[in-house]
K.L.:
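Structure below; questions to follow.
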Amino acid sequence: MKINIGIDGPVASGKSTIAKKVAERLGYTHIDTGAMYRCVAHYALLAKIDIKSESEVSALLPHLFIQLHPDGSIFCNDQDVTSIIRSHEISNAASTVAAFSSVRANLVIQQKRMAQDKGFVMDGRDINTVVLPEAECQIFLTASIESRAQRRFLDLQSRGQHVDLNIIKKDIQQRDFNDMNRLDSPLKISKNAHVIDTSNMSIDEVVDMILNLAKEVMYD
Ligand code: DC
């Protein structure tokens, strides 16, 4: 039986990397919802509007067409933005636009539509609470601030971006605060979630743990 797997968690908890691997192992489709908020932020920065203005950001939404391809590439109005949207600047801007209810409502409709059948691994902040509350396997990933900052530091470094570790740590704390304290769909643990602390686990260990939890549901 095919199921849906929802993976929520804070910044740099490893969600997308792990969700992608879980999907590959099951032959499922991975949907990285954070990339969609990043596309909105990218488009807003490109349009040079006031990123803090909900009305200005939401006015752009009808003109924004986001595509998440099975190979992991992300297109925004037919432009490949896969790498650009991972920048430090867009990470911070995405956290700002993700607090706007009009942005969330627009993206949540698209996300629900994308995963209306089974066989999806979707990661984000509100997947198990809002987007797919009926997901059969619900995971909440967490990790210490130190290990998350270190991961993000290495990730940015591998993309040729050199940002001070302390700045990354502060930004992560600020984004966590934004994500957990916004009024609409704050990051929280859904009542059916399995909480996994990945601080001292390898990616493959986490993937195996999620696969075991998923298989328990599939073969129940
Ligand atoms: O997971 P990420 O870092 O790529 O997410 C980018 C931003 O989007 C982050 O600040 C939280 C927000 N987000 C959200 O509010 N809801 C989601 N389902 C996914 C991401």
Side-chain angles (χ1 to χ4, degrees), residues 4-20 22 30-45 51-52 54 57-58 61 64 66 68 72-74 76 81-115 120-133 135 138-143 145 148-149 151-156 159 161 163 168-190 193 198:
N4 278 338
I5 302 174
I7 304 181
D8 288 318
V11 177
S13 53
K15 294 179 307 292
S16 294
T17 311
I18 288 161
K20 184 167 175 259
V22 169
H30 170 219
I31 300 177
D32 171 2
T33 61
M36 300 173 75
Y37 289 91
R38 286 171 181 272
C39 282
V40 175
H42 167 66
Y43 196 50
L45 290 174
I51 195 102
K52 293 204 170 77
E54 175 162 8
V57 174
S58 61
L61 294 173
L64 176 62
I66 302 169
L68 307 181
S73 60
I74 295 142
C76 196
V81 295
T82 317
S83 310
I84 308 176
I85 58 163
R86 299 292 155 196
S87 76
H88 191 61
E89 186 191 16
I90 290 187
S91 296
N92 290 337
S95 179
T96 303
V97 301
F100 299 148
S101 294
S102 50
V103 172
R104 303 202 69 81
N106 181 293
L107 297 187
V108 167
I109 289 173
Q110 298 185 47
Q111 291 155 5
K112 281 180 184 279
R113 201 182 299 135
M114 287 174 185
F120 291 89
V121 183
M122 187 179 266
D123 76 270
R125 303 292 191 290
D126 58 345
I127 307 308
N128 297 317
T129 50
V130 177
V131 184
L132 300 177
Q138 306 195 357
I139 307 291
F140 189 94
L141 294 183
T142 179
I145 177 73
R148 292 191 286 132
R151 281 178 199 160
R152 190 42 58 102
F153 177 73
L154 294 174
D155 178 45
L156 287 171
R159 296 170 200 276
Q161 298 178 36
V163 184
I168 293 179
K169 204 165 157 179
K170 279 209 186 99
D171 278 352
I172 289 181
Q173 282 166 325
Q174 181 62 51
R175 288 173 59 206
D176 279 353
F177 182 85
N178 293 352
D179 293 342
M180 289 190 283
N181 291 285
R182 64 176 176 232
L183 293 174
D184 191 346
S185 319
L187 171 67
K188 59 177 187 220
I189 303 173
S190 67
T198 69

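Computation of the quantities below employed the complete heavy-atom set of this structure, encompassing side-chain atoms and omitting hydrogens, waters and symmetry-equivalent molecules. Atoms within a ligand are numbered from 1 in the order they appear, just like the ligands themselves. Owing to the predicted nature of the structure, the values given are computational and were not obtained by experimental measurement.
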K.L.:
Give yes if a backbone or side-chain nitrogen or oxygen of Arg175 is under 3.5 Å from a nitrogen or oxygen of ligand 1, and no if not.
P.N.:
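N/O-N/O distance under 3.5 Å: yes.
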K.L.:
Measure the spacing between CD of Glu54 and OG1 of Thr96 and express it to the nearest 0.5 Å.
P.N.:
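It is 12.0 Å, given to the nearest 0.5 Å.
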K.L.:
Any nitrogen or oxygen of Arg104, side chain or backbone, less than 3.5 Å from one on ligand 1?
P.N.:
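Min N/O separation from ligand 1 is below 3.5 Å for Arg104.
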K.L.:
Would one find an N or O of Arg152, backbone or side chain, under 3.5 Å from an N or O of ligand 1?
P.N.:
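Between Arg152 and ligand 1, no N or O pair is found under 3.5 Å apart.
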K.L.:
Heavy-atom contacts with Ser95 under 4.0 Å: which atoms of ligand 1 show up? List them by number with element.
P.N.:
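Selected atoms, number and element: 10 (O).
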K.L.:
Give yes or no for whether the N/O distance cutoff of 3.5 Å, strictly under, is met between Arg182 and ligand 1.
P.N.:
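By distance alone, the answer is yes.
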K.L.:
So, applying salt bridge (Lys or Arg N to Asp or Glu O under 4.0 Å) with Arg125, which one of Asp8, Asp179, Asp176, Asp32 is it?
P.N.:
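Single salt bridge (Lys or Arg N to Asp or Glu O under 4.0 Å) partner of Arg125 among Asp8, Asp179, Asp176, Asp32: Asp179.
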K.L.:
Identify the closest protein heavy atom to atom 19 (C) of ligand 1: which residue and atom is it, and at what distance?
P.N.:
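In this structure, atom 19 (C) of ligand 1 has Thr33 OG1, 3.4 Å as its nearest protein heavy atom.
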K.L.:
Record the part of Gln111 in heavy-atom contact with ligand 1 below 4.0 Å; permitted values are side chain, backbone, both and neither.
P.N.:
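Near ligand 1, Gln111 shows nothing, with every heavy atom at 4.0 Å or more.
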K.L.:
If you compare all heavy atoms of Ala12 against all heavy atoms of Arg151, which two are closest, and at what distance to 0.1 Å?
P.N.:
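That would be O-NH1, 3.4 Å.
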K.L.:
Asp126 heavy atoms, cut-off 4.0 Å: which ligand 1 atoms fall inside?
P.N.:
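The list of qualifying atoms is 16 (N), 17 (C), 18 (N).
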K.L.:
Looking at every non-hydrogen atom in both residues, tell me the closest pair between His30 and Ser16 and how far apart they are.
P.N.:
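Answer, listing the atom of His30 first, then Ser16: CE1-O, 3.6 Å.
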K.L.:
Should we count CD of Gln110 as having more than 12 external heavy atoms under 6.0 Å?
P.N.:
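Above 12, so yes.
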K.L.:
Quick one: pull up CG in Leu156 and CD in Gln161 and give me the separation to the nearest 0.5 Å.
P.N.:
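If I round to the nearest 0.5 Å, the distance is 5.0 Å.
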K.L.:
Just let me know how Gln174 lines up against ligand 1, side chain, backbone, both or neither, with a heavy-atom cut-off below 4.0 Å.
P.N.:
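None of Gln174 does.
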K.L.:
Without swapping roles, check the side chain of Gln138 against the backbone of Thr129 for a donor-acceptor pair under 3.5 Å.
P.N.:
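Checked: no pair found.
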K.L.:
Which ligand 1 atoms does Arg38 reach within 4.0 Å, using its non-hydrogen atoms?
P.N.:
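Checking each atom against Arg38, I get 2 (P), 3 (O), 4 (O), 6 (C).
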K.L.:
If you compare all heavy atoms of Ile51 against all heavy atoms of Ala44, which two are closest, and at what distance to 0.1 Å?
P.N.:
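Nearest heavy atoms, Ile51 then Ala44: CD1-CB, 3.8 Å.
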K.L.:
Which residue supplies the protein heavy atom nearest to atom 12 (C) of ligand 1, what is that atom called, and how far is it?
P.N.:
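Nearest neighbour among protein heavy atoms for atom 12 (C) of ligand 1, to 0.1 Å: Ala98 CB, 3.7 Å.
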K.L.:
Say you draw a straight line from CD1 of Ile85 to OG1 of Thr82; how long is it, rounded to the nearest 0.5 Å?
P.N.:
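Rounded to the nearest 0.5 Å, the CD1-OG1 separation comes out at 7.0 Å.
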K.L.:
Restricting to pairs with a member in residues 101-115, which pass salt bridge (charged side-chain N to carboxylate O under 4.0 Å, His left out), not counting sequence neighbours?
P.N.:
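Listed once each, the pairs are Arg104-Asp126.
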K.L.:
Against heavy atoms of Gly124, which atoms of ligand 1 measure under 4.0 Å?
P.N.:
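Going through ligand 1 atom by atom, the ones under 4.0 Å from Gly124 are 17 (C), 18 (N), 19 (C).
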K.L.:
Heavy-atom pairs closer than 4.0 Å: do any link ligand 1 to the side chain of Asp179, the backbone, both, or neither?
P.N.:
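The answer is the side chain of Asp179.
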K.L.:
How far is atom 7 (C) of ligand 1 from its nearest protein heavy atom, and which residue and atom name does that atom have?
P.N.:
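Going by distance alone, atom 7 (C) of ligand 1 is nearest to Ala94 CB, 3.8 Å.
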K.L.:
Among all protein heavy atoms, pick the one closest to atom 8 (O) of ligand 1 and tell me residue, atom and distance.
P.N.:
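Looking only at protein heavy atoms, the one closest to atom 8 (O) of ligand 1 is Tyr37 CB, 3.4 Å.
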K.L.:
Starting from atom 9 (C) of ligand 1, locate the nearest protein heavy atom and write down its residue, its atom name and how far away it is, to 0.1 Å.
P.N.:
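Checking every protein heavy atom, the shortest distance to atom 9 (C) of ligand 1 gives Arg125 NH2, 3.5 Å.
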K.L.:
Measure the distances from the heavy atoms of Lys15 to every atom of ligand 1 and state whether one is below 4.0 angstrom.
P.N.:
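Right, Lys15 reaches ligand 1.
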K.L.:
In this structure, which one of Val108, Asn106, Ile66, Ile74 forms a side chain to side chain contact (heavy atoms under 4.5 Å, CB included) with Met36?
P.N.:
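With Met36 as partner, Val108, Asn106, Ile66, Ile74 yield a single side chain to side chain contact (heavy atoms under 4.5 Å, CB included), made by Ile66.
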